[in-house]
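Every number for a ligand or one of its atoms is a count from 1 in the order of the listing. No hydrogens, no waters, no symmetry mates; every other heavy atom, side chains included, goes into these values.
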Amino acid sequence: MQLSKIMENNINKIIQFRRSHYPSEFSGKILDNSIIQTLVQNAHWAPNHTLNYPWRFKILEGQQIINWLDKALEIYKIETPIELQKESKTQKLTHFKTKISHVIAIVCVQENAVKSKAIENICAVACGIQNMYLSLSQFENAVGYWSTGLGTYSKHMHSYLNLTENQQLMGFFILGEIENKRTESNRKSYSDFLL
Ligand SMILES: Cc1cc2nc3c(=O)[nH]c(=O)nc-3n(C[C@H](O)[C@H](O)[C@H](O)COP(=O)(O)O)c2cc1C
């Protein structure tokens with residue numbers, strides 16, 4: 001049976017079968033734009049304090065992804081001491097160019113510290129990202145993961161994305177197409193984390 005059928009209306013399976021999938025696993029095919037729209041639409045339904053909608057999303061596709069990966073590599077070279085730089089980074093990001101379908105830059109707006117605290121805004125945006133992750137379950141071949149690498153915390157990436165001072169980059173949701181989704185995980189038991 002198709003995975004998306006197994007998941008249908010089963011919230012426990014949707015949560016527990018959710019996996020991060022990485023560009024090395026992507027086929028390179030481009031996802032339908034309607035899938036990306038569904039993800040962003042569902043992110044918008046995340047809980048958020050005082051309904052202040054602290055998220056902003058910037059969708060990258062096609063040549064924009066190639067330019068963004070070039071920028072991420074440039075930042076890596078600027079910000080990593082030369083003796084720690086790895087040649088494999090260049091190869092990896094070049095490979096990504098042939099694999100990624102869409103990238104959603106995840107931005108948190110921190111504009112009114114009185115109305116809602118910074119941590120609350122970040123939490124709300126993170127809830128939105130989980131909504132995107134879970135929404136992928138309805139699509140048989142669409143996968144992705146949240147990356148806080150690729151220049152997320154760099155001022156160079158901040159200005160590359162034309163973000164304002166009160167807009168905080170929280171990473172990238174990186175999407176692609178896959179033949180078969182993974183569902184397994186070797187997570188520890190939840191009972192080990194009860195206080
Ligand atoms: C805030 C956050 C940042 C993450 N950043 C990265 C990242 O930079 N690179 C990466 O490979 N995975 C990243 N991940 C994905 C985690 O590695 C992944 O969720 C974890 O390995 C568990 O796998 P699962 O999502 O399949 O359950 C991130 C996840 C979160 C929540």
Could you tell me whether some N/O pair between R182 and ligand 1 is separated by less than 3.5 angstrom?
no
Ligand 1 to R19 polar contact by distance, N or O atoms, under 3.5 Å
yes
Could you check whether W68 and F172 have their ring centres less than 6.0 Å apart?
yes
For [atom], which protein heavy atom lies nearest, and how many Å away is it?
| atom | result |
| --- | --- |
| atom 13 (C) of ligand 1 | W146 O, 3.1 Å |
| atom 22 (C) of ligand 1 | R187 NH2, 3.9 Å |
| atom 25 (O) of ligand 1 | S20 OG, 2.6 Å |
| atom 20 (C) of ligand 1 | Y22 OH, 4.4 Å |

I'd like to know whether OH of Y190 has more than 12 heavy-atom contacts from other residues, nucleotides or ligands below 6.0 angstrom.
no
Would the number of heavy atoms belonging to other residues, nucleotides or ligands and lying under 6.0 Å from CG of L84 be above 12?
yes
Under 4.0 Å from one or more heavy atoms of G149, ligand 1 contributes atoms 8 (O)
Return yes when S147 approaches ligand 1 closer than 4.0 angstrom through a heavy atom, no otherwise.
yes
Heavy-atom gap R18 to ligand 1 smaller than 4.0 Å:
yes
So, is the end of the K99 side chain (NZ or CZ) under 6.0 Å from the ring centre of F26 and within 45° of the ring's axis?
no
From CA spacing to verdict: ring pair (Phe, Tyr, Trp, His ring centres under 6.0 Å), Y133, F173
CA-CA 9 Å; Y133 255 122; F173 203 70; 5.0 Å; yes
Side-chain heavy atoms of E120 within contact of T50, under 4.5 Å:
no
Closer than 3.5 angstrom, by distance alone: can the side chain of W146 be matched with the main-chain N or O of M170 as a donor-acceptor pair?
yes
Candidates F172, Y133, F17, Y145; heavy atom nearest atom 12 (N) of ligand 1 found on Y145
On a heavy-atom basis, I'd like to know which of T148, L150, N186 is closest to atom 8 (O) of ligand 1.
T148
I would like to know whether S147 and L150 meet side chain to side chain contact (heavy atoms under 4.5 Å, CB included); could you show each step before the answer?
CA-CA 7 Å; S147 170; L150 299 159; 3.8 Å; yes
